[in-house]
Amino acid sequence: MTRYNASATEAKWQKVWTENETFTVTEDYDLPKYYVLEMFPYPSGRIHMGHVRNYTQGDVVARYKRAKGFNVLHPMGWDAFGMPAENAAMEHNVHPAKWTYENIDHMKSQLKSIGFSFDWTREFATCDPEYYGKEQAMFIDFMNAGLVYRKESWVNWDPVDNTVLANEQVIDGKGWRSGAVVERKKLNQWFFKITEVADDLDAELENLERWPEKVRVMQKNWIGRSKGMHLTFNASQNDEEITVYTTRPDTIFGASFIAIAADHPLAAEHAENNADLGDFIKECRKLGTSEEALEKAEKKGFKLDLTMKHPFKEGCELPVYVANFVLMEYGTGAVFGCPAHDQRDLDFARKYDLNVQAVVIPSGEDVSTFAVENIAYTDPGTIGNSEFLDGMTVEQAKAKIIDLGEEGGFGSATTNYRLRDWGVSRQRYWGAPIPIVYCDDCGVVEIPKEELPVILPEDISFDKPGNPLDHHPTWKHVNCPKCAKPAQRETDTFDTFIDSSWYFARFASPKSDAPFDKKAVDYWLPVDQYVGGVEHAILHLLYSRFYTRAMKEVGLCDVKEPFDGLFTQGMVCHETYQDKEGNWVLPEDLDKQSDGTFKIRATGEVVKAGRSVKMSKSKKNVVDPTAIIDTYGADTARWFMLSDSPPERDLEWTEEGVEGAWRFTQRLWRTVTTNLDAVKNVTADQPSNFSKEAQDLRRMTHFSIASIGKDIEDFHFNSSVAQTYKFSNAIGAFKSNNSEGDLFALREAIESLILVTSPMMPHLAEEMWKMVGKEGLVSDAAWPVSRPELIQETSVTVVVQVQGKLRDKLEVAKDMDKAEVEALALASDKVQKAILGKEIRKIIVVPNKIVNIVV
RNA sequence: GCCCUUGUGAUGAAAUUGGUAAACAUAGCAGAUUUAAAAUCUGCCGCUCUUUAUGGGCUUGGCGGUUCAAGUCCGCCCAAGGGCACCA
């Protein structure tokens, strides 16, 4: 018997799929559509196991939905802008474009070798001017719609390299390359008004029912919507005022101080003739970037020579502090402190010996005796010690204060968000240029759309520190599009999160001269099934949701939410190994000993096996997909990725597991080849008689079709795999007597087995499909039809319990009458033994399932 | 500190959503085949007690509760992982 030759067979079918354009899809507006998308990769150079798992999951769904008759869009492209290309340019003196496109070529060939059903005709890279030019055009649309603005904002500045650093390039407050202490610097930068739709982004989370609850919660917390009020206090000494934001106006009578942020304008004003305050403000700013870990617990303040009048309490004066725990970026940068009902305020009050007055009294406590010691009371209660608020609930008191504030003109209800506007300027080369020109006379001028794209210059150098676009000899010098006088280009480029915020729309019509064809986008979007890592739960997914709203706002599409269904897959993990010196060792350099320990092949040294963690280059616990595919074939790798572990959980990569998957591909092949002669010439006509065994096999066949399909739809691939094992084992165990009925059942089983396996192991399925004499490709074949009447059992096992304990099992006819089952149960010897001498109190009969006798 | 998730045999896990816990696979053990090994095939495989049976008891992180019945629902606690982190 021949063995299945994976590498030759897989290459053969990949070629056939390409030549036949099997997975090329068109906008057939009459067909029901299904859009499957996996998060597109950054072209780092090589595919890793995480990609293989991610794309295998998406591919199974895509192939399954195709078989179910959907018009399936399953595209692939490249998130091609970003810093690694610039780092490579600096380290290896290779142009970012060259580096990126070479990586794309290599990774594309790797992806092709795994047999994914991508429509490669729709492929694009975001670093192509054909793509980013459309992004520039949309930026201008957004600008005209008032969704974009420019303001000064802080960046991390490396004073040695003279460059802006991303947050991840700042390590312990120092630049990753230079080691210099990072400074904060203000630059003019572009922002998207994501906060303008914060309310809708928050509210619509509720309707994203096919998203993981976890991701929705994370986004909700990130948006951080809170309802409160603005409240203005007037100074006792002069006409200064401070407006605070509070969510607890009900606790106003418990207020004992006002605190403002170090960056608050009033703080700066007072610092002008107070050097100590100036020092304190500097200290607060430092805290922000570096030593937060050390200082975060300690609340510190600087008392100003200023007090504020309590708005409701005659004669009550509140001291004003500059405090390190108040943030200028949130609310108004000022708060009133109510120590009894806020832990931070309480810590602060204890340190500076301020009054702690409880004004919310828990039920069961007495107003006169209830006091707060070191834990602030934040739960509901009745208002007390608060004059006209006394006796109200927290909610009533909040409403009352807001009313009074609005009447008196010193307060108003407000909603606040933790979410901040999206800063999109990056002081880098390898990104999409922002299509703006600065003119001395006309100010900020957008590039006219017909002059787009603004293309990145190719002749750049990374010799000098800083942004190559900025020190390019000619690129930034242009004439103003309005007045034609000499002007300067914006040299910042877009945040690469913009690139990934609309690529899913571009896939709908990747050759369009517009960003996309509206009809095509309205047909394909939203993405029905998006698959990717949970590490993108917040930023990428939130930005995409905003961006899609923005595109709708400017009339580019009618879709608001980009992703209807989201699935976040787990990581791929592997054991780690360390030698005597503690150096990490690659699994492929090891030999396994018979006692289960590992030795380095070259030196014979025994290594220490550590816990299993996410595969990473730094820990060297990686397995190269190419090596696995060369040894076992893509179908084996795919099968292993789907087996055992539920897809949302982490997967432990083991040699034994891969071996097991490989053995199964061979077993499937044998199951089909050994039965080939018997079933090859069986006609499709169904005989009228089936043996008991044939009926059982048909039940298994039709049950498997239904069960495997449902498990794929529910993302329970490990269950699909388990059922496929059972199905295949049943066929292997089937002894045909060569009667018409047996042969029919066997042929039906084998054909169905090939079909249900095809989304998971497409190459092997294609080969077997041909072997059993089928015309056409299994990739084009319809999912088999499961006949429910063949799944029905005629008899069922009913369990008999006494006092909830299993005592006997009965084989009875399905849907047998309750009384009859009860009688049978009581007739059982074992049951009689168990209830001997006891009185029967109650008998519960669940049809076809269980009888429970209570004594 | 707050929020979320997970916890089941030696291992990855399953359990029709309250109704036979451990399907399927991996590892292991025994046997067949083989000159031998690999591969393949067959059988066993949660713990425990005794009278070794077509027997009894126990078992889903721990303790308690609801129920005829709990891996599943409720309460408290423990452990691991993830997210947020002075957000007023």
Side-chain angles (χ1 to χ4, degrees), chain A residues 1 3 212-222 224-226 228 244-249 251 259 261 287-288 292 295-299 323-327 329-338 341-345 347-348 416-420 534-535 537-538 570-571 596 613 640 643-646 648-661 663-664 666-667 670 707 710 716 718-729 732 797-809 829-830 833 841-855:
Chain A
M1 190 193 302
R3 273 218 325 204
E213 181 62 23
K214 178 173 64 169
V215 175
R216 289 192 286 172
V217 168
M218 280 162 73
Q219 290 216 350
K220 200 166 185 66
N221 292 341
W222 190 260
R225 183 177 193 270
S226 77
V244 305
Y245 172 71
T246 179
T247 56
R248 295 298 302 273
T251 64
L287 209 113
E292 50 182 89
E295 298 274 6
K296 66 185 157 193
E298 177 126 40
K299 313 263 172 291
N324 64 353
F325 64 91
V326 181
L327 306 174
E329 300 84 44
Y330 184 77
T332 59
V335 300
F336 79 74
C338 176
H341 305 292
D342 182 290
Q343 192 60 46
R344 287 159 311 188
D345 296 347
D347 294 346
F348 192 80
N416 230 317
Y417 300 93
R418 219 189 70 110
L419 181 72
R420 314 228 171 106
V534 74
E535 64 272 20
I538 297 174
M571 299 179 296
V613 295
F640 177 64
S643 313
D644 293 347
S645 290
E648 69 278 10
R649 238 184 268 182
D650 288 352
L651 174 126
E652 165 83 7
W653 181 277
T654 61
E655 198 59 33
E656 292 81 11
V658 183
E659 291 276 351
R663 279 200 300 270
F664 183 65
Q666 296 295 337
R667 193 153 92 230
R670 273 198 312 276
S707 157
K710 171 136 196 352
H716 296 157
N718 53 328
S719 298
S720 308
V721 165
Q723 186 59 37
T724 308
Y725 274 115
K726 285 187 208 172
F727 187 18
S728 152
N729 290 347
T797 307
V798 169
V799 171
V800 186
Q801 297 178 333
V802 177
Q803 290 294 83
K805 286 211 171 106
L806 179 74
R807 292 300 165 190
D808 200 7
K809 294 175 185 181
D829 288 349
K830 290 176 199 161
K833 223 165 94 187
R841 291 224 321 263
K842 198 172 171 188
I843 298 178
I844 290 126
V845 182
V846 182
N848 300 327
K849 285 229 167 96
I850 207 160
V851 178
N852 195 2
I853 301 165
V854 188
V855 293

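Model, not experiment: these values are computed from the prediction. Reminder, nothing fancy here: chain letters follow the sequence lines and each chain counts from 1. Below, all heavy atoms of this structure are taken into account, side chains as well, without hydrogens, waters or symmetry copies.
- Taking every heavy atom of both residues into account, A/Gln219 and A/Ala537 meet most closely at NE2-O, 3.0 Å.
- For A/Lys849, there are no salt bridge (Lys or Arg N to Asp or Glu O under 4.0 Å) partners, not counting sequence neighbours.
- Pairing each heavy atom of A/Thr332 with each of A/Tyr245, the nearest pair is OG1-N, 3.3 Å.
- For the C1' atom pair drawn from B/A36 and B/G43, the interatomic distance equals 24 Å after rounding to whole Å.
- Taking the salt bridge (Lys or Arg N to Asp or Glu O under 4.0 Å) definition, one finds that A/Asp345 meets it with nothing, sequence neighbours left out.
- Residues that satisfy the ring-ring contact (aromatic ring centres under 6.0 Å, His included) test with A/Phe348, not counting sequence neighbours, are A/Phe257, A/Tyr321, A/Phe325, A/Tyr352.
- Nucleotides B/A38 and B/G31 have their P atoms positioned 14 Å apart, rounded to a whole Å.
- Look at CD on A/Glu329: it is 12 Å from C1' on B/C86, rounded to the nearest Å.
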All N/O contacts under 3.5 Å from nucleotides 21-27 of chain B to the protein, with atom names and distances to one decimal?
residue, atom, partner, partner atom, Å
B/A23, O2', A/Lys726, NZ, 2.8
B/A25, OP1, A/Asn729, ND2, 3.1
B/U26, OP1, A/Arg663, NH2, 3.2
B/A27, OP2, A/Arg663, NH2, 3.4

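- Distance CZ (A/Phe348) to C1' (B/A88): 13 Å, rounded to an integer number of Å.
- Rounded to whole angstrom, the span from the NZ atom of A/Lys842 across to the P atom of B/U67 amounts to 10 Å.
- Nearest heavy atom pair, residue A/Val326 against residue A/Ala259, reads CG2-CB, 3.8 Å.
- Nearest to the side-chain atoms of A/Val217 among the listed nucleotides B/C3, B/U20, B/C68 stands B/C3.
- Note on A/Val244: nothing from the nucleic acid sits closer than 4.0 angstrom, heavy atoms only.
- In this structure, the separation between CZ on A/Arg418 and NZ on A/Lys220 is 13.5 Å, given to the nearest 0.5 Å.
- With RNA chain B read from its 5' end, the first of the two nearest nucleotides for A/Lys809 and A/Ala334 is the one closest to A/Lys809.
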Check nucleotides 51-56 of chain B against the protein and report each pair of N or O atoms closer than 3.5 Å, with its distance, or say if there are none.
none

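- Shortest non-hydrogen contact noted between A/Leu651 and A/Ser645 is CA-OG, 4.0 Å.
- Side chain of A/Ile850, nearest nucleotide from B/C86, B/C3, B/U20: B/U20.
- Looking at heavy-atom distances under 4.0 Å, A/Ser643 makes no contact with the nucleic acid at all.
- Taking atom C1' in both B/U33 and B/U40, the straight-line distance is 8 Å, to the nearest Å.
- Spacing of P atoms, B/U34 relative to B/A21, comes out at 44 Å, to the nearest Å.
- Close to B/G81, at under 4.0 Å from its OP1 or OP2, lies no side-chain N or O of A/Arg649.
- When base pairs are accepted only as Watson-Crick or G-U wobble with both N-N or N-O distances under 3.5 Å, RNA chain B takes part in stems of 3 or more pairs at B:1-7 with B:78-84, B:10-12 with B:24-26, B:28-32 with B:40-44, B:46-49 with B:55-58, B:61-65 with B:73-77.
- Close to B/U5, at under 4.0 Å from its OP1 or OP2, lies no side-chain N or O of A/Lys214.
- Rounded to whole angstrom, the span from the CH2 atom of A/Trp222 across to the C1' atom of B/A85 amounts to 10 Å.
- For the side chain to side chain donor-acceptor pair (under 3.5 Å) test, no residue two or more places apart in sequence or in another chain qualifies with A/Lys809.
- With sequence neighbours left out, A/Glu329 forms a salt bridge (Lys or Arg N to Asp or Glu O under 4.0 Å) with no residue at all.
- Across all strands shown, A/Val854 has heavy atoms under 4.0 Å from sugar-phosphate atoms exclusively, and none from any base.
- For A/Arg216, the salt bridge (Lys or Arg N to Asp or Glu O under 4.0 Å) partners at least two apart in sequence or on another chain are A/Glu213.
- Taking the P atom of each, B/G62 and B/U11 are spaced 15 Å apart, rounded to whole Å.
- Taking the P atoms as reference points, B/A22 lies 14 Å from B/G9, given to the whole Å.
- By the ring-ring contact (aromatic ring centres under 6.0 Å, His included) test, A/Phe640 pairs with A/Trp653, sequence neighbours left out.
- Distance A/Asn852 CG to B/G18 C1': 13 Å, rounded to the nearest Å.
- The same atom, P, is picked in B/A25 and in B/G57; the two are 31 Å apart, to the nearest Å.
- Residues forming a side chain to side chain donor-acceptor pair (under 3.5 Å) with A/Gln803 (at least two apart in sequence, or on another chain): none.
- Residues meeting the side chain to side chain donor-acceptor pair (under 3.5 Å) test with A/Asn221, sequence neighbours left out: none.
- One atom, CD of A/Glu648, and another, C1' of B/G82, lie 14 Å apart when rounded to the nearest Å.
- Here B/C3 presents its C1' atom at 12 Å from CD1 of A/Ile538, a figure rounded to the nearest Å.
- With RNA chain B read from its 5' end, the first of the two nearest nucleotides for A/His716 and A/Tyr417 is the one closest to A/His716.
- If you check every strand for non-hydrogen atoms under 4.0 Å, A/Lys710 touches nothing.
- Of the C1' atoms belonging to B/G46 and B/G71, the separation is 15 Å, rounded to the nearest Å.
- With rounding to whole Å, A/Phe325 atom CZ is found 15 Å from B/A85 atom C1'.
- In B/G9 the O4'-C1'-N dihedral to the base is within 90° of 0, which defines a syn nucleotide.
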